Amino acid sequence: MVIKVENLVKRYGDLIALDHLNMEIKEGEIFGLLGPNGSGKSTAINCILSLLKFDKGTITIFGKEMKPEAYDIKRNIGIILQNVAVFDELTVYENIDYFCGLYISDKKERQILVEEAIAFVGLHDFRKFYPKKLSGGLLRRLNIACGIAHKPKLIILDEPTVAVDPQSRNNILEGIQKLNKQGATIVYTSHYMEEVEQICTNIMIIDNGKAIATGTKEELVGMINTGEKITVELLQPNVEVLKEIRKLPNISSAELNDHLLVVKSSKGKNNLLFLMDHLKNNNISFGKVYSEPPTLNDVFLEITGKKLRD
Amino acid sequence: MFFHVFKNRIKCLFRDKQALFFTILFPIILGTLFNLAFQNLNDIDAFSKIKIGMVKNQGYQSDLTFQQVLTSVSGEEKDALFQVTYTSEQNAKQLLKEEKIQGYIFIQDGIQLVIKEDGLYQNIIQSFLNDYKQMQYTIASILKENPSVLESVMKDLGNRKNYLKDVPPGNAAPNWVLNYFYCLIAMTCLYGSFWGLREITSIQANFSPQAARLNMAPVHKLKVFGASMTAAVAIQFFEVLALLAYLIFILKIDFGNQLGYILLTCITSTVTGVTMGAMVSSLIKKGGENFKSGILVSISMLMSFLSGLMIADLKYVIQDKVPILSYLNPANLITDSFYSLYFYSTHDRFFTNILILWGFNILFSLATYFVIKGQKYASL
């Protein structure tokens, strides 16, 4: 076990930011902490990192109690914070070298590690640039390089893709998967369910400081009653169609938006097949058909009654 | 580790153009303006000889006593009172008309003074003549009424006793304009507070994300803080030296010849500035770096103002009316250290100031230590 959190409670006055949070992160995982803004993700991370005081609970990392002076643990952790944490007065190279130097004192060894980090995030052409001259995406990459240059075993990324363009976001996500393949355990917090779905091998959904569900994506989806969402393009839309469709097994709702018939099903097998049969049998002509399996947003919606990005 | 942090902090601070402007360029500009504004002020205060005319008529020729007295207070000597032009009455009138002399004396039925207008110089000439006349009258009276005591009276008159004694405190001539430059150096030292502020921001995880990252590194926070503060003091001390060099070698300001003590004052004051900034920054939890900078500028300016940066006399008024404030104001202690170095031959007052400043340095450092020693935060 890389991280074990038991009964973590953090209060800000009357507000309970973390409510008896339990968490277990195994070696080699990409653990996703998914939740809306203000759900307690960053608070949990800061408590785990021993930056924040907490009211109750125990935290162990690599089997040892995490404390501010636990330097042997800290030596193996890399953090990439939500806000870019670099110095404007240092160049790309100097920034990475500075933070790496807090872990690695040998200059030659550090030089190699810094070069590797620069290559990893693709900032070779920008090594002499100051952060203010970098675009948002490049700046995020620099932020990541500063956190990983010392080759940590555990990398914690707190919403590293906020305000990043799609291309840079993909680069970052690919990089995280690469780091994981190189052996690092990853903790990844985000309120973007697509990102968590894409890269995380184990996911915890958190809301109001409580863990509401934990598991792989498949396990999480399996916990809810919501089934697939089927969208059918009708060539001759007719409101009367809806009544019959709603009577089909496992169909929880059916709506017609212009030419598009949107059918939501509850958990069950062959929902798409039943719907197609119904349309054919009733001579309802249709064009394109889309079927989307339930997402983590559906999981969150069903459990909390609200959307992830509400 | 220490050198790694120190080196990078030096880079960071040295590349901060905005802070560099305030901590070095601004004082240099201000020093240049002071120099331009105060260049001739000391000369204005210097006393110049009063130009008078002496009519060389028969009355003058026959009054040998007055001739002697007038000769004794005029001439080429530096401390002479009058510069006398001996001339005819007609020419003396012309010189007065052309304002080449402040007045002229002629002796006819007594000693007469002719002036064109009233003023300080005219009053001095009149006082001199009154003094002479009074003494002349006194001697005449003694001769008439009791000639036997004349000898002892003359002896006493010749030995005027001055009950005020000039005690030269040092070798330097008084120069009140210097106080402005002392204040300028004091202000520059206190501007080290900007660096102290920055170092706290870069080490407290609740103030900046960089500091949060630093707090996660396997290094003791206070070791990093020590290296950062050393970098801040080094940068500021370098800037104070640069300012001092500019004032001494470019503007030719004379700060005396006690370079070692001057450097001791500079390093002490720089530590005061940096530690003060660190303390203020660590104590103020809310507000960003700009807000804290604003507070530090206000504090530094107020201290410098109270030590006489804008009104030189204010320093002495405070020393006279609220002396405790003089000892509680680091800027005043810094200016007073320079002042005592320049004007006094002993170092008692200088070392008192330096000791009090180190007291402040320790106090500021301890206060900062107690605030930042915690390695966990209530909120981020």
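As the structure is a prediction and not an experimental result, all values here were calculated from the model.
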Side-chain (A/R127) to main-chain (A/V92) donor-acceptor, under 3.5 angstrom
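No; zero donor-acceptor contacts below 3.5 Å.
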
Region of B/M1 that comes under 4.5 Å of a non-hydrogen atom in chain A
side chain

Which portion of [X] sits near chain B, non-hydrogen atoms under 4.5 angstrom:
X: A/R110; answer: side chain
X: A/D72; answer: neither
X: A/N76; answer: neither
X: A/C47; answer: neither
X: A/I73; answer: neither

Quick one: of B/D16, B/N8, B/V224, who has the most non-hydrogen atom pairs under 4.5 Å with chain A?
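With the most close heavy-atom pairs to chain A, the winner is B/N8.
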
Pair A/F87 and A/Y98, ring centroids less than 6.0 Å apart:
yes

Lys/Arg-Asp/Glu bridge criterion (N-O < 4.0 Å) met for [X], [Y]:
X: A/E116; Y: A/K151; answer: yes
X: A/D55; Y: A/K10; answer: no
X: B/K11; Y: A/E94; answer: yes
X: A/K153; Y: A/E27; answer: no

Partner chain B: residue of A/S42, A/A17, A/G78, A/G147 with the largest heavy-atom pair count (under 4.5 Å):
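Ranked by contacts with chain B, first place is A/G147.
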
